[in-house]
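Here is the structure we will look at, set down as structure tokens.
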Amino acid sequence: MTPRRILVTAALPYANGPIHIGHLVEYIQTDIWVRFQKLQGHRCIFICADDTHGTAIMIRARQEGRTEEEIIAESKTAHENDFRHFDIEFSHYGSTNCPENKELCDKIWASLRQAGLVIEEDVSQLFDPQAGVFLADRFVKGTCPNCKAPNQYGDNCDKCGATYTPADLIDPVSTLSGATPEIRSAKHLFVQLEPLREFLTHWTQTSGALQTEVANYLKGHFLGKELRNWDVSRPAPYFGFEIPDAPGNYWYVWFDAPIGYVASTAQWCKLNNEKLDDWWRNGETEIHHFIGKDITYFHTLFWPGMLKTAGYNLPKQVHIHGFLTVGGEKMSKSKGTFVKAATYLNHLDPAFLRYYYASKLGPRLDDLDLNLEEFVDKVNADLVGKVVNLASRTAKFAQASGLSAQYPDDQGLFAAGVEAGAEIAAAYEGGDYAKAMRIIMELADRANPYVEHAQPWVLNKDPNNAVRLQEVCTVALNLFRQLAIYLAPVLPKLAKQCGELLNDPITSWNQAKQPLLGTKVSTFTHMMQRVKKEDIEKMIEESKPAETTEPAAATPATGSQWNDSGEPLQKEPLAETCTIDDFVKVDLRVARIIAADEVPEARKLLKLTVSMGGDAVRTVFAGIKAAYKPEDLVGRLVIIVANLQPRQMKFGLSEGMVAAAGEGGAEVYLLSPDSGAKPGQRVH
RNA sequence: GGGACCGUAGCUCAACGGUUAGAGCAGGGGACUCAUAAUCCCUUGGUUGCAGGUUCGAAUCCUGCCGGUCCUACCA
């Protein structure tokens, strides 16, 4: 077999936040694939970097009174630490904010220019005169032009789902300064994709680089109509690279981020005396990108378009995975399921997460669910109970004798393991780790009964059985070693421990084909600790935001005692000052929910019938379906905006609005008056 | 509304159109005491979502329905 030359990337994590267990799905998945390729004897490098540019970093730097460089340096260190602790082993971990990246951006840009793909257009954008910056959609809030819901972001309304541009917002407010933004027109540079349609259609549909569902998705949603031009520039100020032939303009972060793959490779090349062109401009090299489904279109349309135009290798494959859910739900900070890598490490062995993810990952882009009970069962039963147990129960009997010089009869167990090797390898190669784990555990399930029937502990009692005892242990330990080799991409530590135990390091997949003979056996020490349910609970507890824990009843309230996070206010700054006259325009009333019904066709809505006393009964649709069950609502008092203009909705007329706090989705908290309030009373 | 995928034991998942639909975990019974309350043996558990169709033969292929997930659009 000729060794392949493979360059693998995982998506570049943004330098504005910590690594969490959702990110880790991707990095673990990718690391497993890379380790597998290396074990196969292929030349395989794993390239990644921090993604550093963009508005968010710039804003944060301002808020914290630091430079962007300080923030991204800090972030890079933290990310690299997290990855290292999870045994994610990059060949090189760079940063998009490096000279190599700037240089490559220049070159690729020049190619795009030369191909005539770059055009200029004026774009009207909201500008914050106080902060002196153009505002990305998420930094503008205002009233939805469609449904009049207040406090909506600049791109779409999470009350009504309408999409619009920030300029459409009524009474827009900059979330940076609170100032009223003004519309300013600025020149933007666009890359035309339409001229690349034929190439992109061909590449996405026939190259085999994409999962079929992805190819279908692109065909249906993008390639079926005219491809829109891609806005790749942002006017100053912007943290990024200035565009050489358009001073005062910077490349949009998504332009230079994927180029960071190449730049980081360039850095690796310098450190390792390699040529960049061997890796990015050589048909022999396979490029594999691992990404999440949220960034599909950057990697399957823009990126190949850029590579093609600039004369670089196209990806051989883009491996796209789904999102992580925990217990079947989106990760949630308040539920403590938004677990940071560093928090996980305080409580659990990273090997467990690697194995658990491996056991759930398939080649599709389905979401992956982390079920905490299943996590405990799987890790304890499979890894500790089956695999490690093989060594744990036999190693000490073989310490004196070492392994036999000849491999004894084992009823074909080792040979069966050899045979399964090809199928396991194919599963790893195809990204079907779940299948690989299944086959490996089937092998493990056959190994323990062998030990049981051979009864080494009985043999050990009579010195006359020494030879037989050595044989039994030789079989058991070789079966263990075979499993450790097959699991090595997932559990590199276990492979290392196995190598130490049997005094022969695991370096190649092919080692699984021949039994290890005649080596010494070291003293056995535990290779993994069982997971305790309490560890998980503690981890979840630590992941919950420090907030209103039940105050001790007797202690007087002081401002600092509750330790409430400043995050909600930061996320949604105060609106502009309003006068008492403004306020009295809004008629808030106490109302009783007298009926609550599902609206089957609606995803978010419940239909509430509320009474303000007497005959004053209203129908109100409220986007609280994910947070409340209808039966729990009937009878309770709420606060409604009673004089809101009625709104015709698909499901009926909504005659008001129920007041609630929270981020939306399942995080919605209805307001209630204290007891004593009566339906119909106004809130002053 | 459009699209993709899925529905198999309590749970997680297997099963080239071909014996009696199988594993692991969980449950029940027993055994062992080398091993981290680990392990081994036996065992309960299924109208393969429902209804049709194609076929000598369907979990598998086709159609419809029901239910779920994701994407996309719309609606407040």
For nucleotides [N] and [M], find the distance between their [atom1] atoms and express it as a whole number of Å.
N      : M      : atom1 : value
A37(B) : A23(B) : P     : 28 Å
A26(B) : C62(B) : P     : 38 Å
G28(B) : U72(B) : P     : 46 Å
U60(B) : G49(B) : C1'   : 16 Å
C32(B) : U44(B) : C1'   : 23 Å
U63(B) : C70(B) : C1'   : 24 Å
C6(B)  : C13(B) : C1'   : 13 Å
C50(B) : U43(B) : P     : 28 Å

Within this structure, what is the [atom1]-to-[atom2] distance between [X] and [N], rounded to whole angstrom?
X       : N      : atom1 : atom2 : value
F524(A) : A38(B) : CZ    : P     : 16 Å
H321(A) : C70(B) : NE2   : C1'   : 15 Å
E442(A) : A14(B) : CD    : C1'   : 8 Å
F375(A) : C25(B) : CZ    : C1'   : 16 Å
R530(A) : U39(B) : CZ    : C1'   : 12 Å
Y356(A) : C13(B) : OH    : P     : 8 Å
K293(A) : U72(B) : NZ    : C1'   : 12 Å
K607(A) : A76(B) : NZ    : P     : 16 Å

Using Watson-Crick or G-U wobble geometry with both distances below 3.5 Å, tell me the partner of [N], or none.
N      : result
U47(B) : none
A38(B) : none
C74(B) : none
C5(B)  : G68(B)
A23(B) : U12(B)
U54(B) : none

Return the orientation label for the [X] and [Y] ring planes: parallel under 30°, perpendicular over 60°, tilted otherwise.
X       : Y       : value
F338(A) : H20(A)  : tilted
W230(A) : F302(A) : parallel
Y433(A) : Y428(A) : tilted

Proximity to the side chain of [X] - top-ranked nucleotide from [options]:
X       : options                : result
E452(A) : U12(B), U36(B), U39(B) : U39(B)
W457(A) : C25(B), U36(B), C34(B) : C34(B)
R364(A) : C71(B), U12(B), C5(B)  : C5(B)
D445(A) : C40(B), A38(B), G24(B) : G24(B)
K386(A) : G24(B), A38(B), C5(B)  : G24(B)
R393(A) : A35(B), C71(B), C5(B)  : A35(B)
H221(A) : C71(B), U36(B), U12(B) : C71(B)

Would you indicate what [X] reaches in the nucleic acid, counting non-hydrogen atoms under 4.0 angstrom: base, sugar-phosphate, or nothing?
X       : answer
P456(A) : nothing
M527(A) : base
K435(A) : nothing
V388(A) : base

If you assign each of N389(A) and D377(A) to its closest nucleotide in RNA chain B, which residue comes earlier from the 5' end?
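Taking each residue's closest nucleotide, the earlier one in sequence belongs to D377(A).
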Please tell me which of N448(A) and R438(A) maps to the more 5' nucleotide of RNA chain B, matching each residue to the nucleotide holding its nearest heavy atom.
R438(A)
Closer than 4.0 angstrom, basic N to acidic O: yes or no for K493(A) and D349(A)?
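A salt bridge is absent here (no side-chain N lies under 4.0 Å from a carboxylate O).
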Ignoring hydrogens, what is the shortest heavy-atom contact between A488(A) and A495(A)? Give both atom names and the distance.
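For A488(A) and A495(A), the tightest heavy-atom pair comes out as CB-CB, 3.7 Å.
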Please name the pair of heavy atoms, one in G417(A) and one in Y486(A), separated by the smallest distance, quoted to 0.1 Å.
O-OH, 2.7 Å
Nearest 0.5 Å please: distance from the OG1 atom of T296(A) over to the CG atom of L365(A).
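Here the interatomic distance stands at 7.0 Å.
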Verify the ring-centre separation between W33(A) and F290(A): is it less than 6.0 angstrom?
yes
Looking at U12(B), I'd like to know if its phosphate oxygens (OP1 or OP2) sit under 4.0 Å from a side-chain N or O belonging to K360(A).
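Indeed not, no polar side-chain atom of K360(A) lies that close.
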